[in-house]
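Only this structure's heavy atoms are used, side chains among them; waters, hydrogens and symmetry mates stay out.
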Amino acid sequence: MKKLIFLLILVLLAAAGLIYYKKWRSDFLQKKVPQLVFLESDSLYRITYDSVDIDEVEGEIVIKNLQLIPDSTYKKPNDPTLPRNLLRVTVPEIHITGVQTDAAVLNKEVIASKIKLTRPVVTMFNNKNVEKEKDNDPTPTTFKIYQILLRGLEKIKVDTILINDADYHICQWPKGDTVFSGSKINAQLHHINISDSTSTDTSRVLFSEQASLDVADVVIYSKRHLYNYRFKNIQLQSGERSFAVKSMHITPLLGEAAFARAAKWQTDRFDFDFHHLLFKQVNVQDILNGNLIANELIIKNAQLKVYRDKNYPQKKVSLVGRFPQQSFLKIPVNVAIKKVIIEQGFIHYKEMESLTGKSGLVIFDAMHATLTNVTNNPTDLRKNGICTVNFNSLFLSKIPVRATLQLYLNSKNGKFVINGNIKSLDATILNQLSKPMALVEVKSGNITSLDFNLIGNDNRVKGLVRLLYDDLKIKVLKKDEETGKEKTKKVMSFIANIMVKNANPVKNGSVRIVTVSHPRDVYRSIFNFIWKSIFEGVQKTVGIEGKLG
């Protein structure tokens, strides 16, 4: 978006110059404008165009095939004078109507009805070999643009600026690999007024009273070529202060088996789809600056699929300091959303087990979630440093689950608190997880409820687990090496059922509530950490210590 602003500056400069210097039109068009661009860009850019037609009576200007081209001498990526970003801009047609030439000459004002850019293409070449410049100038970006645009003029006033069917790409220099692509970009700015009176007007967006942006398709390509990130039908409306995205996709480029082979380690493969995202009461200027400030985000539908193949070795890279809330605070974009609502969701976690050669499938269906205080803004964090997630779903598509997760954003050791409850179920439903993942079959059992209250950090989870159940009986299985089928380990099953307490509470007994103190596996995620801590409490309650088998 900042590069489209640059394009706007270029067009307005050209229009202002063409009008203000009409008495020296021929010399100005052919020599002065290209020379001005060349000098103002430190000899980096040159400007060309096929033709410029001016109808002074009707106040109309048509510029054909305008191009802003980086100087061809900049070819070596290690050239110390090469900037971090290079631009190439092509505009097949710029059509300016309603130009008031008298105002330009007598009052140093550029006044026009409409400026229309048709099918512009902006390509930014990013050179990572050059260090990113630090901007220590506290002057607001809008005010800098104002200073550049006006120069010797008093005012620039345009009723409407239209950008039709633009394309915007970011490529690596000098190879040209595309890392970002936006297509079919349409923008409208209404009632633009660039003058002393509007230079500090925060109610305006790019000096306009009203602005809108529509982008048909945006694709971001990952560095390792494992994923594409795609956004479809983006709409930004300054009048309604709304920002909408029809769909957002994190799409793996390889199938499950091929992805695991390419990763060579145990790695989560993500496949996420979000539909109908609506940000309400946004700060439009912040969005144009690359930040996201909004009162509310509503996501109509979210589907999250994760796959992990445990046949591969686990990479010994510590994840301490990389809980979701810790990673969120480190992102370079300023985010502050008071509430996020996921109206309908689906979570699908599949794990290929090396022990059994089969996949265990964990499903949370009919999910509804609300997140409050989703922010990494230091000012907001001083007022409220807790992000709260309320979650309701059906575990394995049948079992009601409720949980509340509090993430302490100001905590130096990743503090979090989670409380939850699982309602009654027939324990044999769990066989679709316990058989492929642990070679344990539940023969019978009724679970009345499971409640957990846990406090965790980077190192350990502590808390209480209460599991109420009766008539619990299990079988310990083994995999037949020849047939691959599961068989009962009779002796181990007999011992296990002696060890297992088949009810809580037992007849005429009190309810057993167990304490949990589970150390973290620093190579696994926060979700594995929470799950293992709850499972420790379940094992203690039924009387099992350690693994079966």
| task | Could you name each residue pair satisfying ring-ring contact (aromatic ring centres under 6.0 Å, His included) that touches residues 409-435, not counting sequence neighbours? | result | F323-F416
| said: Going by ring-ring contact (aromatic ring centres under 6.0 Å, His included), name the pairs with one or both residues in residues 359-384, residues two or more places apart or in two chains. | reply: F364-F391, F364-F395
| request: With sequence neighbours left out, write down each residue that passes salt bridge (charged side-chain N to carboxylate O under 4.0 Å, His left out) with K350, or none if nothing qualifies. | output: E256
| task | With sequence neighbours left out, write down each residue that passes salt bridge (charged side-chain N to carboxylate O under 4.0 Å, His left out) with R460, or none if nothing qualifies. | result | none
Report yes or no: does [X] contribute a side-chain atom to a donor-acceptor pair with the main-chain N or O of [Y] at less than 3.5 Å?
{"X": "N376", "Y": "V333", "answer": "yes"}
{"X": "R269", "Y": "L254", "answer": "yes"}
{"X": "Q326", "Y": "R322", "answer": "yes"}
{"X": "Y408", "Y": "N457", "answer": "no"}
{"X": "N504", "Y": "L467", "answer": "yes"}

| task | With sequence neighbours left out, write down each residue that passes side chain to side chain contact (heavy atoms under 4.5 Å, CB included) with Q281, or none if nothing qualifies. | result | R241, N295
| field | Residues that N431 engages under side chain to side chain contact (heavy atoms under 4.5 Å, CB included), provided they are two or more places apart | value | T428, S434, K435, E441, V442
| message | Taking NZ in K264 as the centre, count heavy atoms belonging to other residues, nucleotides or ligands within less than 6.0 Å. Is the count above 12? | response | no
| Spatial distance of atom OH (Y168) from atom OG1 (T123) [nearest 0.5 Å] | 9.0 Å
| said: Is it true that H275 and S247 share a donor-acceptor pair across their side chains at a distance under 3.5 Å? | reply: no
| message | Under a plain distance cut-off of 3.5 Å, with no hydrogens placed, do S411 and N413 share a side-chain donor-acceptor pair? | response | yes
| task | Would you please classify the geometry between the F272 ring and the F274 ring as parallel, tilted or perpendicular, with 30° and 60° separating the classes? | result | perpendicular
| said: Tell me which one of Y307, Y227, W265 satisfies ring-ring contact (aromatic ring centres under 6.0 Å, His included) with F259. | reply: Y227
